[in-house]
Asker: 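Got a structure for you, questions after.
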Amino acid sequence: MRAQRRMWTTAAVTTAAVAGVLVFQGVTGISGPDRDGQAADAKSAPVKPDVHRTALKTSPDGDSASLARRDTEPFSLLGVTWTDPAARVTGSVEARTRSSATGDWTGWLPLDTEIDGRTETGRSGVRGTTEPRWVGPSDGVEVRVLAGDGARAGLPAGLRLDTVDPGGDTTPLAAEPAAFSIEETPSEEPTPGEEPPVTPPSQEPVEEPTDEPSPTPTTETPAPPSPTPSTEPPTPSASPTTPTTSPSPTLPPAPPSTVPQPPIVSRAAWKADESLSTEAPDYLDQVKAVFVHHTAQTNAYSCADSAAIVRGLHTYHVKSNGWKDLGYNFIVDKCGTVFEGRKGGVDRPVMGAHTYGFNRDTTGIAVIGMYTDTSAATAATTSVARVAAWKLGQYKADPGGSVQLTAGANGNNMDHKQFVAGSQYAFPRISGHRDGFATECPGLSLYRQLPAIRSLAAGPVTGLTIASVTGANASGSTYYTRSKITVGWKATTPAAFVKSYELLVGGKPVATVKGNVTSAPATLVAGKHSVQVRATHQSGKTSLSPVATVVADTAPPVFSTKPALTLRTGTVNSTAVPLTLKWKATDAASLKEVRLTAPVAKTYGPTTGSASHTAKPATATAWKMTAYDRAGNTAAASVTGTPVILQESAATKSGKWTTKSSSSYLGGRSYSSSTKGASLTWTFTGRSAAWVVSRATTSGQAYVYVDGKKAATVDLKSSTTKYRQAIWTKSWSSSAKHTVKIVVVGTTGRPALTTDGLVYLK
């Protein structure tokens, strides 16, 4: 029954196999069936590739082979093949090419020999090959092959160079410098017994390919010429690139996936020549795992050429390898564009030719490029993860899990693990080619990215954090708002893998958005709230961001101590009197700052309660303040004060006082006395007072009486001479009538003091 399921007719296969194919519209130069399933326009007509084969000349000792430098027909991709698919080149295969755009020759380019041609053993005409290499538009080539040290069998028979022109315009690659000078070498003719350079491998269809190795031939039998491929286009009903909405009665519907299908460029869109692949595809019962590969052996290509590279791979796999079709099920370029590979329907379990021994129950995804030392671009790995998750999701398989696969052939992998045909072995659901075969593929760098690819495909969403809370002010880890906020977030997982985001307040969702949206609004009631974001991965797994604390506060701050003015010590002059502005502001949630807006602009922190300023004497000045809490609520308060200067002559004198004149004194004059008990008394109505003096090393002391009571003993002595110094101050809670009396102490050795008047604040 299993074999019978694989024997569906071509018409039945191609009628339904392309259900679900999407066309990635953003790829340069690529078009195809539109979203409504209409046939591709004339611009999407198949491109006929051109293949040229040239036999290599093998040395008499069988340890080397070469193709002298020569002009060629145009080509962009090349590879070396040989007759026996089970044979290996244990040494090196290198080529250098001439750019058709610049005429420059590259250095020697290695061709990977780790590919195993037996992946479709059982087909007539299957050959051993190197990995094809994309070189860009070229018109000249040279090849050299060396057997490895100790290679007993030498080089395999039937060595030849295959060059492929994929058709269409392509971008020249930057020429790599030549390793050494190129010498003119006459063109060699094929030696007797070698394959004629124009003989293609047979493409006779077979019932079913197998992973089992074929017996190693003791003598080489040249493959017979293949019949001329049909050039007639398939009828619309049988076209493998024509979408259909109803499955064939003999082909059950493709299973739906648990995750969305990514955009995929159809074979029609990359202009596949379907006359190359006329056989019906083979189908598996399911897809249990995905093998990741790299191909084309260069990262220097332009993504505008990706469709041409895929056409080149298709042609090489069929016309050079002798396979029935492109070996990979999907191809991804470095820009992240996904191309349909082997025909049969991207949503079907099509058997590919990509991992010898493990083609069954698996899908092959190849990234265009060489990733031995260079990591694949994020766009490419993202697309690999999307395709793998979608394909495995059709069979309810966890991309992050593991599975038992049955080996279809004896072999070993890169870690020297031995496989025995018919035995089962554990593999990650997303594996690298090297896990199932002894090869560097998909390159060590890309292989090391597989854990990240599995994480992307399997979920959950990672790196989820709240990035911003607009409409709120942050203080440490807490945000303050009046009510309405917009929460923004970010995640390291690309949006393509995110099904949805939910904004949670107090653990309950208040907004749900799609996976490509990274913000949502919320309206909060007064109080303290925990805010989180919950992400749902396309797999259904969820993850939570760290909690952000948001306080909703509509109550304004309070000036628990209204702004007040007092005189302070300092230098007094005719334009500025030193004073102190005091206040205290509080808030039920969190005070942010207090701003002084007049007569000058200053901003103070939430814990500051006083500041030194000066005011113009004899002028009423309003001091206006606004308190702000972190939610944006405000409260205003103000105080007005007028500094008044009372000259010394305004005081009532007692005892002997001498008038002194100097521009350094207030008003140009002051009083001085050395008489013990001499006094000056000022009477005023105000809320703060400051005695103003001159100071020097010889200055004495004075008693200060306030409203008849001794308040202080003040020493005027100073190491430097100072004028107009407010040396003593006194303040009251409100304005009232007061007297301040200054009495000379008559200090021994320095009895004199000089007073410049009194300042009070009303």
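Keep in mind that the numbers below use all heavy atoms, side chains included, and drop hydrogens, waters and symmetry copies.
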Asker: Where do Thr683 and Lys737 come nearest, in terms of heavy atoms and distance?
Answerer: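 Between these two residues, the closest heavy atoms are CG2-CE, 3.5 Å.
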Asker: Counting heavy atoms not belonging to Arg669, are there more than 12 under 6.0 Å from its CZ?
Answerer: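 Not more than 12 within 6.0 Å, no.
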Asker: May I have the step-by-step check of side chain to side chain contact (heavy atoms under 4.5 Å, CB included) for Leu450 and Val292, ending in yes or no?
Answerer: CA-CA 9 Å; Leu450 292 185; Val292 178; 4.0 Å; yes
Asker: Please evaluate residues Lys541 and Asp398 with respect to the criterion side chain to side chain contact (heavy atoms under 4.5 Å, CB included), reporting the C-alpha separation (whole Å), side-chain torsions for both, the decisive distance (0.1 Å), and the verdict.
Answerer: CA-CA 11 Å; Lys541 298 175 184 177; Asp398 179 7; 3.9 Å; yes
Asker: Can you say whether the rings of His537 and Phe497 are parallel (under 30°), tilted (30 to 60°) or perpendicular (over 60°)?
Answerer: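 Parallel: the ring planes of His537 and Phe497 meet at under 30°.
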Asker: Does Lys710 make a cation-pi contact with Tyr703 (under 6.0 Å, within 45 degrees of the axis)?
Answerer: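 Pair Lys710/Tyr703 counts as cation-pi.
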Asker: Please report the shortest heavy-atom distance between Lys334 and Ala300, naming the atom on each side.
Answerer: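 Looking at all heavy atoms of both residues, the shortest contact is NZ-C, 4.2 Å.
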Asker: Whether the Ser688 and Thr566 side chains hold a donor-acceptor pair (N or O, under 3.5 Å, no angle test) is what I'd like checked.
Answerer: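 Thr566 and Ser688 do not have a side-chain donor-acceptor pair below 3.5 Å.
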Asker: Applying salt bridge (charged side-chain N to carboxylate O under 4.0 Å, His left out), run through Asp707 and Lys730 and close with a yes or a no.
Answerer: CA-CA 12 Å; Asp707 297 332; Lys730 174 70 176 178; over 6 Å; no
Asker: Rounded to the nearest 0.5 Å, what separates atom CD1 in Ile466 from atom OG in Ser477?
Answerer: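 Going from CD1 on Ile466 over to OG on Ser477, the span is 11.5 Å.
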Asker: side-chain hydrogen bond (donor to acceptor under 3.5 Å, both in side chains) for Gln701 and Thr747? Distances and angles first, verdict last.
Answerer: CA-CA 6 Å; Gln701 296 176 317; Thr747 309; 3.2 Å; yes
Asker: Tabulate below the donor-acceptor pairs under 3.5 Å that side-chain atoms of residues 509-521 make, not counting sequence neighbours, or state none.
Answerer:
none

Asker: If we ignore angles and hydrogens, is there a donor and acceptor under 3.5 Å between the side chains of Thr755 and Trp691?
Answerer: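 Trp691 and Thr755 do have a side-chain donor-acceptor pair below 3.5 Å.
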Asker: Please report whether the ring centroid of Trp489 lies less than 6.0 Å from that of Tyr501.
Answerer: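 Yes.
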Asker: Give every donor-acceptor pair under 3.5 Å between a side-chain atom in residues 605-621 and any protein atom, sequence neighbours left out.
Answerer:
residue : atom : partner : partner atom : Å
His613  : NE2  : Tyr604  : OH           : 3.1
Thr619  : OG1  : Pro617  : O            : 3.4

Asker: Could you tell me which non-hydrogen atom of Thr462 sits nearest to which non-hydrogen atom of Ser455, and how far apart they are?
Answerer: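 Scanning both residues, the minimum pair turns out to be CG2-OG, 4.2 Å.
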Asker: Of all heavy-atom pairs between Ser673 and Ala678, which one has the smallest distance, and what is that distance?
Answerer: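 For Ser673 and Ala678, the tightest heavy-atom pair comes out as OG-CB, 3.4 Å.
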Asker: Please report the shortest heavy-atom distance between Lys676 and Val745, naming the atom on each side.
Answerer: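 Result for this residue pair: CG-O, 3.3 Å.
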Asker: Write down the atom of Val704, the atom of Ile742, and the distance for their closest heavy-atom approach.
Answerer: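 Taking Val704 first and Ile742 second, the nearest heavy atoms are CG2-CD1, 3.9 Å.
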Asker: For Tyr447, give me all partners under ring pair (Phe, Tyr, Trp, His ring centres under 6.0 Å), at least two apart in sequence or on another chain.
Answerer: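 Applying ring pair (Phe, Tyr, Trp, His ring centres under 6.0 Å) to Tyr447 gives none.
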Asker: Between OG1 of Thr697 and NZ of Lys717, what distance do you get to the nearest 0.5 Å?
Answerer: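 Reported to 0.5 Å precision, the distance equals 7.5 Å.
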Asker: Pairing donors with acceptors under 3.5 angstrom, does anything connect the side chains of Gln725 and Ser694?
Answerer: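 Note: Gln725 and Ser694 side chains miss the donor-acceptor criterion.
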Asker: Any side-chain heavy atom of Pro563 sitting closer than 4.5 Å to one from Leu581?
Answerer: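 Answer yes - side chains close enough.
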Asker: Output, in order, the C-alpha distance, side-chain angles, deciding distance and verdict of side chain to side chain contact (heavy atoms under 4.5 Å, CB included) for Leu444 and Arg434.
Answerer: CA-CA 9 Å; Leu444 185 58; Arg434 62 191 287 152; 3.9 Å; yes
Asker: Do the side chains of Arg695 and Asp756 get close enough for a salt bridge, i.e. N-O under 4.0 angstrom?
Answerer: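 No.
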